[in-house]
Amino acid sequence: DKISWWERRNIAGRDTREFNYTITNVTAGRPDLVSFELYGTTEYEWIVLQYNNIIDITEEFVYGKVLRLPSKTFVTTNIINKPAGSFAG
């Protein structure tokens, strides 16, 4: 009925220090690995996906695709440590 990991959040603003990340053969189809590589935890894979509006990992998280990703600082201060009411749903 619903994609279990997809509870859409409106991430307030964009990170002025966001950067490009090109999906490799190893990370294709594995947003958890990208999350771990960049943020030190697999728990932020939903940020990797939602920040890039990716719904279908098989079709959209493919080798060679360039993602725009927020800095680790932005993730911790503007997404993870925000009170729940700070997100528009």
Side-chain angles (χ1 to χ4, degrees):
D1 298 295
K2 174 173 133 174
I3 300 172
S4 60
W5 56 267
W6 189 266
E7 182 181 323
R8 186 73 176 153
R9 294 184 180 184
N10 182 11
I11 297 172
R14 295 294 280 193
D15 184 2
T16 57
R17 294 168 292 171
E18 67 183 17
F19 57 92
N20 290 334
Y21 178 90
T22 304
I23 297 174
T24 66
N25 277 333
V26 173
T27 58
R30 298 290 309 270
D32 60 320
L33 295 181
V34 173
S35 173
F36 186 78
E37 180 181 332
L38 301 176
Y39 306 119
T41 179
T42 58
E43 292 182 21
Y44 298 164
E45 71 179 312
W46 67 270
I47 296 171
V48 172
L49 297 170
Q50 287 191 17
Y51 204 79
N52 288 277
N53 293 312
I54 295 173
I55 296 173
D56 186 342
I57 296 169
T58 305
E59 294 292 323
E60 298 177 272
F61 210 85
V62 295
Y63 171 77
K65 180 173 181 133
V66 178
L67 305 173
R68 294 294 294 160
L69 293 168
S71 65
K72 188 172 184 175
T73 302
F74 184 86
V75 168
T76 11
T77 57
N78 292 26
I79 301 173
I80 301 305
N81 291 328
K82 284 279 190 188
S86 297
F87 292 109

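Scope of the values below: all heavy atoms of this structure, side chains included, with no hydrogens, waters or symmetry mates.
- Of all heavy-atom pairs between D15 and F74, the closest is OD2-CB, 3.2 Å.
- The two residues W46 and I80 come nearest to each other via the heavy atoms CZ2-CD1, 4.2 Å.
- Pairing each heavy atom of E60 with each of I55, the nearest pair is OE1-N, 3.0 Å.
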- Kindly determine whether N20 and R68 satisfy side-chain contact (heavy atoms from CB on, under 4.5 Å), including the steps that lead there. CA-CA 5 Å; N20 290 334; R68 294 294 294 160; 2.5 Å; yes
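- By the side chain to side chain contact (heavy atoms under 4.5 Å, CB included) test, T73 pairs with R17, S71, T77, sequence neighbours left out.
- Taking both residues in full, the closest heavy atoms of I47 and I79 are given as CD1-CG2, 3.9 Å, listed atom of the first, atom of the second, then distance.
- In this structure, CG on D56 lies 10.5 Å from CG on L49, to the nearest 0.5 angstrom.
- A continuous path of ILVMFWY side-chain contacts below 4.5 Å connects F61 to F19, so both sit in one hydrophobic cluster.
- Considering all non-hydrogen atoms of both residues, Y63 and N25 come closest at CD1-OD1, 3.1 Å.
- Residues T22 and K65 fail the side-chain proximity criterion, which asks for heavy atoms closer than 4.5 Å.
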Please table the atom pairs, donor to acceptor, closer than 3.5 Å between any side-chain atom in residues 30-41 and protein atoms at least two apart or in another chain.
from	atom 1	to	atom 2	distance (Å)
R30	NE	D32	OD1	2.9
R30	NH2	D32	OD2	2.7
S35	OG	T41	O	2.4
S35	OG	Y44	N	3.2
S35	OG	E45	N	3.4
E37	OE1	Y21	OH	3.1
Y39	OH	P70	O	2.6
T41	OG1	E43	N	3.1

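- Through direct or indirect side-chain contacts shorter than 4.5 Å among Ile, Leu, Val, Met, Phe, Trp and Tyr, V62 is connected to no other residue.
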